[in-house]
Amino acid sequence: MQEKNVITKIQVYSYTELTDDDKKLVDLAKEATQASYTPYSHFNVGTALRLENGAIIKGANQENAAFPAGICAERSACFNAGANYPDVAIETIAITAVQHGEVVEDPCSPCGVCRQALLEFETRSGRPMKVLLAGRDKVYCLQSVKDLLPLSFTEF
Ligand code: THU
């Protein structure tokens with residue numbers, strides 16, 4: 001029997017330590033939560049993408065009475081990017097969440113389905129996508145979506 005260790009490197013910043021561009025993206029992710037439609041969970045997730053060409057795209061979760069028909073903030077933004085800029089890489093994604101009117105204390109991590117979807121956007125673009133998971137002050141920074149989804153399913 002062998003054992004393997006999977007190592008994920010996460011840089012932990014406080015908001016003030018971020019670059020101006022990354023601060024702006026985190027701010028936009030928070031702003032994006034205002035467009036969340038969450039009558040069921042009241043948990044508002046917002047994302048902002050910075051594409052390689054400088055374009056910014058926001059996303060917010062959109063729920064539905066038939067629960068599985070809703071979509072997470074991450075996929076709403078990425079599929080928007082794919083539909084409007086099919087050949088432009090996503091350089092950075094910022095993700096945050098607001099609950100009870102406040103940004104959540106701890107950084108909000110994408111669900112498994114969104115990790116899988118984000119990974120394919122990254123693979124398809126041929127360059128790493130930086131991921132910023134923003135809490136009230138703490139921001140986790142991952143250099144690639146691969147760090148969010150070890151042992152991923154990528155080919156068949
Ligand atoms: N949600 C997201 O938007 N992104 C995630 O990665 C996790 C969950 C949304 C889905 C639902 O509208 C609400 O958060 C509560 O699960």
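Note: hydrogens, waters and symmetry copies are ignored here, and every other heavy atom, side chains too, is used. Both counts, for ligands and for their atoms, begin at 1 and track the order of listing. In this text, all values refer to a predicted model and were calculated from it rather than measured experimentally.
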**Student:** Given Thr38, which partner from the list Asn61, Thr33, Asn44 fulfils the side-chain hydrogen bond (donor to acceptor under 3.5 Å, both in side chains) test?
**Tutor:** Asn44
**Student:** Between Ser41 and Glu63, do the side chains contain an N or O donor and an N or O acceptor separated by less than 3.5 Å?
**Tutor:** yes
**Student:** Starting at CZ of Phe79, measure out to CD1 of Ile71 and round the result to the nearest 0.5 Å.
**Tutor:** 5.5 Å
**Student:** Any donor and acceptor pair, going by atom type alone, linking the side chain of Glu17 with main-chain N or O of Ser14 inside 3.5 Å?
**Tutor:** yes
**Student:** Would you find more than 12 non-hydrogen atoms of other residues, nucleotides or ligands less than 6.0 Å from Lys23 atom NZ?
**Tutor:** yes
**Student:** Which bit of Glu74 gets closer than 4.0 Å to ligand 1, counting heavy atoms only: side chain, backbone, both or neither?
**Tutor:** side chain
**Student:** Is atom 14 (O) of ligand 1 less than 4.0 angstrom from some protein heavy atom?
**Tutor:** yes
**Student:** Would you say ligand 1 has an N or O under 3.5 Å from any N or O of Ala73?
**Tutor:** yes
**Student:** What I want to check is whether the side chains of Asp106 and Tyr140 have a donor and an acceptor closer together than 3.5 Å.
**Tutor:** no
**Student:** Backbone, side chain, both or neither: what part of Ser41 comes under 4.0 angstrom of ligand 1, heavy atoms only?
**Tutor:** side chain
**Student:** With only distance considered, is Thr38 within less than 3.5 Å of ligand 1 through an N or O on each side?
**Tutor:** no
**Student:** What is the closest protein heavy atom to atom 9 (C) of ligand 1, and at what distance does it sit?
**Tutor:** Asn61 ND2, 3.4 Å
**Student:** Give yes if a backbone or side-chain nitrogen or oxygen of Cys111 is under 3.5 Å from a nitrogen or oxygen of ligand 1, and no if not.
**Tutor:** yes
